**Q** 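Structure provided below as structure tokens; questions to follow.
As a basis for the values below, the full set of heavy atoms in this structure was taken, side chains included, without hydrogen atoms, waters or symmetry mates. Everything numeric in this text was worked out from a predicted model, so none of it was measured. Lettering of chains follows the sequences in order, A, B, ..., and the numbering in each one begins at 1.
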Amino acid sequence: MHKRTPALGVPNSPRRLWNPLYIDNHMLTVMVEAGLETKYNDFPQCDQWDVSLDFSLRPYETKTDSMKCKNGTWMQVERRASVTLIELVDPERSQVIQIQKQFTTPGLLTVSSFIVASDGTNEILTEETPLPLIFGTGEWQSSLAPDRWNSVDNRIWSVTNLSPFTVTVSLSFHLVRTAPLYID
Amino acid sequence: MAVNTIPTVVDRMIDPNQWYDPAMLLVGNGALEWARWVTKWLYVNVPPTKCESEDWSKYGVITSFDRAISFVLPATPAAPELPIPVEGSLLVNNRNWVLLSRAALALDANGNSLPLSLFDVEMFVPPVSQLIETQPAANVFGSGEWPHVMYFPEEWSENVTRTFAVTNRSGVAATFYMSLKMLQVRQN
């Protein structure tokens, strides 16, 4: 039997410093979303994941990528992004080297997201917007409501580079999910 | 100009046995009463009439949406001319929404971020109600990193148009973006 972790964490663990109502509601939501009954006094073990989508974009290029929810119910609680620029420098005038720098005008990247519904239509969840408004710029931006990626959603993110530079964009999502190895 | 229709009146009496979306416990103050109310608010016009609340989720899922509005602003004219506000509007569809937060970003032609304090914003519901009096955007909109979180999630009634007006005082041509994080029932 898979050992259940108490909802409030083991004694003296960092999780006990969290607002118990908040984490309990998190787990209650994830558990209910996963179709588990609430009759258990112990909550199932939940994982917290950091997943990412990465894009390398040439000037004025658009790319899409998707993340299909699998192995149970996910709930997105935080998201952030980083945008970096590969710069070629030749300090010694003898060898060109690449250095990676933070891109200073991330507002020139736009993002949008949608899912493909069961009837084949696209449902836009994030209208095209400059990236900093949705993800911040390296700092966490907590989602204010659980953005639920249930087991059938295939979330598609699209990123457009409106700058004249080649950049690398990394979209990071902090997820809570029921552990796939949970066995009653 | 879009004509606002009279929104559906939602009975504010809450049945303690009404189903609520458990995710709504994470919105607002975490109270059950709030979760029931906001679930009822969002599901107005979604399920068929006489549908039990336990079956509401079969007809749609409460989902987060990021709405975007952008304003292309010419450079501030030289004195004594005054800058002219640029208007944009957002129409709520045939379902109720809830506003969680709002954020703004202003970029010059090179993509550099401009201070939000250099842009005035106003928001009103035609023809009369001014919900945001003209003031610097920095006071009412946060940034992407630190959005302006509503003190409590704000109810937006169906079929109501909100008009925003932005005035550019930065001196340079700019594009002003607003991002509004909403909750709405998704039916597909």
**Q** So what's closer than 4.5 Å to chain B heavy atoms on A/I124: side chain, backbone, both or neither?
**A**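 Just its backbone gets close to chain B.
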**Q** Do A/I134 and B/S179 have side-chain heavy atoms sitting under 4.5 Å apart?
**A**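 Yes, at least one pair of side-chain atoms sits under 4.5 Å.
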**Q** Do A/L133 and B/Y177 touch side chain to side chain, with heavy atoms closer than 4.5 Å?
**A**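 Sidechains of B/Y177 and A/L133: in contact.
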**Q** Any chance you could measure B/D66, atom CG, to A/L125, atom CG, to the nearest 0.5 Å?
**A**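 Reported to 0.5 Å precision, the distance equals 8.5 Å.
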**Q** May I ask you to name which of B/A104, B/S57, B/S113 has the most heavy-atom pairs under 4.5 Å with chain A?
**A**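 The answer is B/A104.
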**Q** Got a second to check how far B/N112's CG is from A/L108's CG, nearest 0.5 Å?
**A**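 So the gap between those two atoms works out to 8.0 Å.
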**Q** Should B/M150 and B/W146 be regarded as members of a common hydrophobic cluster, given that ILVMFWY residues are connected when their side-chain heavy atoms come within less than 4.5 Å of each other, either directly or indirectly?
**A**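 No; tracing contacts between hydrophobic side chains, which count when under 4.5 Å, never links both residues.
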**Q** Between A/E127 (side chain) and B/R67 (backbone), is there a donor-acceptor pair under 3.5 Å?
**A**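 Such a contact is absent between A/E127 side chain and B/R67 backbone.
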**Q** Starting from A/L85, can I reach B/L107 by hopping between I/L/V/M/F/W/Y residues whose side chains sit under 4.5 Å apart?
**A**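 B/L107 and A/L85: separate clusters.
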**Q** Would you indicate whether B/I84, at its atom CD1, is surrounded by more than 12 heavy atoms from other residues, nucleotides or ligands within a distance under 6.0 Å?
**A**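 Count not over threshold, so no.
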**Q** Mind listing the closest non-hydrogen atom pair of B/N110 and A/T105 along with its distance?
**A**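 Looking at all heavy atoms of both residues, the shortest contact is O-CG2, 3.9 Å.
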**Q** Hydrophobic clusters here meaning ILVMFWY residues chained together by side-chain heavy-atom distances under 4.5 Å, can you tell me if B/V121 and B/V72 are in one?
**A**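 No, no single cluster joins them.
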**Q** Look at atom CD of B/E133 and say whether more than 12 heavy atoms of other residues, nucleotides or ligands are closer to it than 6.0 Å.
**A**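 Result for CD/B/E133: open.
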**Q** Spell out, yes or no, whether A/L162 and A/V111 are grouped together once hydrophobic residues are joined by side-chain heavy atoms under 4.5 Å, including indirect joins.
**A**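 In one cluster with A/L162: A/V111, no.
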**Q** Check the hydrophobic clustering (I, L, V, M, F, W, Y; side-chain heavy atoms under 4.5 Å; chains of links allowed) and say if B/I62 and B/Y59 are grouped together.
**A**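 B/I62 and B/Y59: one cluster.
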**Q** Quick check for you: among A/S163, A/G107, A/P130, which has the greatest number of heavy-atom pairs under 4.5 Å with chain B?
**A**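 Heavy-atom pair counts peak at A/P130.
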**Q** Considering residues, nucleotides and ligands other than B/E54, do more than 12 of their heavy atoms fall under 6.0 Å from its CD?
**A**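 Yes, enclosed.
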**Q** Let me know if B/L105 has heavy atoms under 4.5 Å from chain A in its side chain, its backbone, both or neither.
**A**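 For B/L105, heavy atoms of backbone and side chain both lie under 4.5 Å from chain A.
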**Q** Under a 4.5 Å cut-off applied to non-hydrogen side-chain atoms, are B/T63 and A/E123 in contact?
**A**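 They are not in side-chain contact.
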